[in-house]
Amino acid sequence: MMSFIDRLLEQRARSAAQQAPRRGMLKALGGVLVGASTLPLLPVARAAGPEPTSRPQESGSETDCDYWRYCAIDGFLCSCCGGSANSCPPGTEMSPVTWIGTCHNPADGRNYVISYNDCCGKPGCGACLCQRDEGDRPPYRPDKTNDINWCLGTSSAAYHCSAAVVVGVAFEE
Amino acid sequence: MARAMIKGLMLAVMVAICPGLAADDAMNPERAKYHYQMFCQGCHTPDGAGANAIPPLKDFMGYFLRSQRGREFMVRVPGSALSTLDDAELAEVLNWSIDNFAGVSLPAAGYVPYTSQEVAVLRAQPLQEIENHRASVLAEIAALEAQGAES
């Protein structure tokens with residue numbers, strides 16, 4: 001039995017020695033070393049690169065009602081409710097149906113199209129009530145009325161707070 | 001003969017110095033997109049997919065171009081007919097939306113873009129009732145398509 005194992009191992013060792021290149025190990029090790037050293041050169045830090053041109057320069061605080069993006073808002077600021085100007089607080093759902101207007105950005109002097117996305121699914125947040133209402137129109141212009149509940153495309157119609165997302169640069173005639 | 005030539009020459013000169021006349025309905029994609037964002041996107045969403053009860057434009061609005069009533073429907077709905085856009089702007093944003101959202105629903109032969117003149121006539125007859133009208137337009141188009149598939 002032992003001699004059988006001996007022979008088998010000897011055969012395997014010999015065939016491996018005949019078939020595998022002597023420098024195979026060096027080659028593989030070299031590949032790993034070179035590969036590891038180039039990893040940090042890959043563009044993993046692209047997010048820190050130059051901003052796309054449609055992204056506005058920013059000034060002011062997102063939790064202030066005076067913040068430039070809130071020029072036409074009517075509601076609680078999500079940035080005071082656990083979310084941000086761009087995102088909803090955890091546990092709420094962003095409505096895809098939105099109130100849209102334009103705001104002037106003092107940082108770069110341009111006008112931007114702002115989408116006021118309501119965050120829905122929880123009772124009113126109650127913090128940072130902000131009513132600036134620029135461009136607000138009476139209900140006979142329903143698409144430009146911000147007094148109505150815009151939790152329309154969501155599973156729940158309960159209004160929690162409002163975000164103000166930049167969706168583009170306004171076209172200047 | 002000489003008079004006719006002078007007339008023709010004058011016309012050519014007029015067209016040459018007034019490019020605005022010929023290019024009245026020329027598409028400006030930036031302006032069209034801005035108007036879509038300001039007057040349509042709030043409900044129809046950025047990619048035209050719509051949400052819940054809001055009808056989709058994406059891969060759908062092209063069906064309406066398969067019949068005359070369907071073509072008229074897209075101008076006579078309140079969002080179009082009663083918008084504060086002028087006729088040229090409305091025609092432009094409709095054509096832009098079709099180009100960007102109609103996708104697979106577009107007729108194989110393409111479509112004739114809306115002009116401001118056509119839009120002016122159609123929007124003067126806004127629809128009072130929309131849901132039943134829309135359903136009947138779509139039923140008519142489905143019947144037309146079925147006929148086309150048979151023949």
Side-chain angles (χ1 to χ4, degrees), chain A residues 53-54 56 69 71-74 86 93-104 110-121 134-158 162-173, chain B residues 20 23-60 74 77-97 100-101 116 123 126-128 130-131:
Chain A
T53 47
S54 62
R69 288 194 209 175
C71 74
I73 212 165
D74 178 357
N86 293 317
E93 184 189 353
M94 185 178 270
S95 174
V97 177
T98 69
W99 198 93
I100 292 189
T102 58
C103 290
H104 181 78
R110 301 170 81 181
N111 294 310
Y112 288 86
V113 182
I114 312 289
S115 171
Y116 295 99
N117 293 62
D118 283 350
C119 298
C120 318
E134 285 173 32
D136 182 31
R137 294 289 174 268
Y140 55 77
R141 286 243 78 100
D143 62 321
K144 292 284 171 262
T145 296
N146 66 12
D147 274 338
I148 64 170
N149 181 351
W150 282 86
C151 286
L152 291 171
T154 45
S155 47
S156 161
S162 299
V165 182
V166 176
V167 294
V169 181
F171 179 83
E172 310 288 349
E173 296 287 347
Chain B
D24 193 21
D25 283 335
M27 162 85 71
N28 178 331
E30 281 81 35
R31 181 176 57 205
K33 184 180 181 185
Y34 171 65
H35 285 145
Y36 178 78
Q37 289 179 328
M38 289 299 287
F39 300 103
C40 319
Q41 174 172 319
C43 292
H44 286 290
T45 72
D47 67 350
N52 290 1
I54 291 150
L57 305 177
K58 187 178 175 162
D59 294 332
F60 196 88
M74 290 200 283
V77 290
S80 295
L82 308 180
S83 84
T84 50
L85 296 171
D86 68 28
D87 298 337
E89 290 168 339
L90 179 57
E92 182 182 64
V93 79
L94 282 167
N95 293 331
W96 182 89
S97 304
N100 284 275
F101 302 132
S116 50
R123 77 189 298 188
L127 290 171
Q128 300 300 318
I130 297 125
E131 283 185 32

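What you see is a predicted model, and the numbers here were worked out from it, not measured in a lab. Lettering of chains follows the sequences in order, A, B, ..., and the numbering in each one begins at 1.
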Under a 4.5 Å heavy-atom cutoff, which of B:Gln41, B:Met38, B:Lys33 has the most pairs with chain A?
B:Met38
For B:Ser83, is it the side chain, the backbone, both or neither that has a heavy atom under 4.5 Å from a heavy atom of chain A?
backbone
Could you tell me which portion of A:Val113 (side chain, backbone, both or neither) has an atom closer than 4.5 angstrom to a non-hydrogen atom of chain B?
side chain
Just say parallel, tilted or perpendicular for the rings of A:Phe171 and B:Tyr34, cut-offs at 30° and 60°.
tilted
Checking ring-ring contact (aromatic ring centres under 6.0 Å, His included) for the pair B:Trp96/B:Tyr36: CA distance, chi angles, key distance, verdict?
CA-CA 9 Å; B:Trp96 182 89; B:Tyr36 178 78; 5.5 Å; yes
Decide whether A:Glu172 and A:Asn111 meet the rule of one side-chain donor and one side-chain acceptor closer than 3.5 Å.
yes
Residue, of B:Gly50, B:Ala51, B:Gly42, that accumulates the most heavy atom pairs under 4.5 Å with chain A:
B:Gly42
Any chance you could lay out the side-chain contact (heavy atoms from CB on, under 4.5 Å) test for B:Ile54 and A:Val97, step after step, and finish with the verdict?
CA-CA 9 Å; B:Ile54 291 150; A:Val97 177; 3.3 Å; yes
What's the shortest heavy-atom distance between B:Gln37 and A:Val167, and which atoms?
NE2-O, 3.2 Å
Side chain, backbone, both or neither: which part of A:Ser95 has a non-hydrogen atom closer than 4.5 Å to chain B?
neither
